[in-house]
Number of protein chains: 2
Amino acid sequence: MFSKTCKYGIKATLFIAQKSQFDERVSLKEIASAIDSPVAFTAKILQLLAKENIISSRKGPKGGFEIDKVLLPKITIKQVVKAIDGDSLFNGCALGLYECNEKAPCPMHDNFVSIREQLSETLASSNLLEVAINLNLGLTVLKR
Amino acid sequence: MFSKTCKYGIKATLFIAQKSQFDERVSLKEIASAIDSPVAFTAKILQLLAKENIISSRKGPKGGFEIDKVLLPKITIKQVVKAIDGDSLFNGCALGLYECNEKAPCPMHDNFVSIREQLSETLASSNLLEVAINLNLGLTVLKR
DNA sequence: TTAATATCGGATAAAATTATCCGAAATATA
DNA sequence: TATATTTCGGATAATTTTATCCGATATTAA
Ligand code: SF4
Ligand code: SF4
């Protein structure tokens with residue numbers, strides 16, 4: 001469903017969100033350790049997310065990553081997914097066919113449309129604050 | 001959603017199904033040409049599908065691939081997907097988290113469960129005959 | 001101003017996926 | 001039986017994805 005890169009991205013974002021609730025900035029090392037991901041690869045992902053203005057970064061001592069507390073309830077999981085995996089998950093024929101006849105779609109078409117709408121809606125209506133709060137209950141879920 | 005390999009596999013299977021309706025056996029070349037896929041790579045996929053008893057193959061002149069006409073309404077798209085991509089699409093946390101707390105799931109959990117059930121159900125209730133018949137209306141869909 | 005810290009950004013490398021090549025094996029038919 | 005045809009199966013190659021390395025840049029604090 002989502003690429004490995006995207007899953008790291010989601011987990012990292014959720015971890016940062018958790019800390020940002022309490023105005024704590026976290027370093028690359030802390031993040032990678034918390035979500036059990038390769039440090040340097042995680043750095044690339046965080047860089048991308050920072051460029052997309054989903055997280056903000058700061059160099060130097062006491063630096064690290066954070067998310068503006070005010071934005072926590074405004075940033076959705078869908079934004080993270082789109083930033084990393086693009087929106088190919090939501091476009092085109094799920095079966096990989098071409099130029100399907102809209103007037104005589106295959107028996108699965110309507111179901112696929114509905115499934116993707118649900119997925120899109122689920123991701124779009126889940127903000128970082130809401131998800132992070134619920135994950136507080138069991139922090140270990142981010143780690144293997 | 002599905003790997004490239006899996007999409008080739010689905011398209012190839014549907015093309016064979018279309019021909020098998022009329023007891024026509026098709027060759028590797030015909031298939032690859034019809035679905036616009038790399039010949040040798042398609043051969044590997046067909047080999048796998050044959051091993052999984054989804055299609056049957058025959059060597060030599062007049063050889064090729066076919067599907068027992070009687071089985072056309074019994075073979076589902078889900079069987080094809082599982083043969084090629086396995087069932088990772090249906091298992092584990094969609095976000096890639098670990099050991100989620102079943103009693104206090106994240107806000108997306110129930111939605112993900114529902115989405116995957118729908119997907120699974122859609123694929124499992126679509127048989128080759130039904131889909132192939134509908135695709136007869138616009139054969140070009142298999143090709144770019 | 002200097003030194004220490006932490007992300008940035010470009011170059012590589014490893015691993016997984018996708019794609020190609022070619023001889024072997026099986027089959028039809030002449 | 002001999003030959004042409006077609007899939008099988010193993011080795012190899014190209015591409016994409018995932019992962020690592022390291023010097024440059026920015027920031028903090030002494
Ligand atoms: S009708 Fe079926 S094959 Fe065509 S785009 Fe929709 S899902 Fe794909
Ligand atoms: S609760 Fe959320 S995070 Fe946990 S398994 Fe379900 S979807 Fe994944």
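The chains referred to below are lettered A, B, ... by the order of the sequence lines, with proteins before strands, and numbering in each begins at 1.
In this structure, the CZ atom of Phe41(B) is 16 Å from the C1' atom of dC8(D), given to the nearest Å. Nucleotide dT27(D) holds its C1' atom 11 Å from the CZ atom of Arg25(A), rounded to whole Å. Rounded to whole Å, the distance from CD1 on Ile45(A) to P on dG9(C) is 16 Å.
The side chain of Pro61(B) lies closest to dT5(D) when the candidates are dT20(D), dT7(C), dT5(D). Here the side chain of Lys59(A) is nearest to one of dA26(C), dA19(D), dT7(C), namely dT7(C). Counting only heavy atoms from C-beta on, Lys62(A) has its side chain closest to dT28(D) among dT28(D), dA25(C), dG9(D).
Heavy-atom distances to DNA chain D give each of Val39(A) and Leu46(B) a nearest nucleotide, and the one nearer the 5′ end belongs to Leu46(B). Each of Gly63(A) and Lys44(A) lies near DNA chain C, and the nucleotide nearest Gly63(A) is the one positioned closer to the 5' end. Along DNA chain D, the nucleotide nearest to Arg58(B) and the one nearest to Gly60(A) differ in position, and the one closer to the 5' end is contacted by Arg58(B).
Clustering ILVMFWY residues whenever any of their side-chain heavy atoms sit less than 4.5 angstrom apart, transitively, puts Ile31(A) in the very cluster that holds Val39(A).
A donor-acceptor contact shorter than 3.5 Å is absent between the side chain of Asp87(B) and the backbone of Phe90(B). Side chain of Thr13(B) to backbone of Gly9(B): a donor-acceptor contact under 3.5 angstrom is found. Listed for the Thr122(B) side chain is a donor-acceptor partner under 3.5 Å among the backbone atoms of Gln118(B).
Phosphate proximity of dT18(C) to Tyr8(B): absent, as no side-chain N or O sits under 4.0 Å from OP1 or OP2. Between Ser57(A) and dA6(C) there is no side-chain polar atom (N or O) within less than 4.0 angstrom of OP1 or OP2. Between Lys4(B) and the phosphate of dA19(C), there is a side-chain N or O to OP1/OP2 separation shorter than 4.0 Å. Side-chain nitrogen and oxygen atoms of Thr5(B) include at least one within less than 4.0 Å of the OP1 or OP2 phosphate oxygen of dT18(C). For the pair Gln47(B) and dT7(D), the criterion of a side-chain N or O lying under 4.0 Å from OP1 or OP2 is not met.
Note that the CD atom of Glu121(B) and the OG atom of Ser126(B) stand 9.0 Å from one another [nearest 0.5 Å].
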- [ ] With side chain to side chain contact (heavy atoms under 4.5 Å, CB included) as the test, would you mind laying out the steps for Lys4(A) and Phe41(A) before giving the verdict?
- [x] CA-CA 11 Å; Lys4(A) 210 169 175 185; Phe41(A) 189 53; 5.9 Å; no
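Note on the helix from dT1(C)-dA30(D) to dA30(C)-dT1(D): angle between the axes of the first and last five pairs equals 0°, rounded to 10 degrees.
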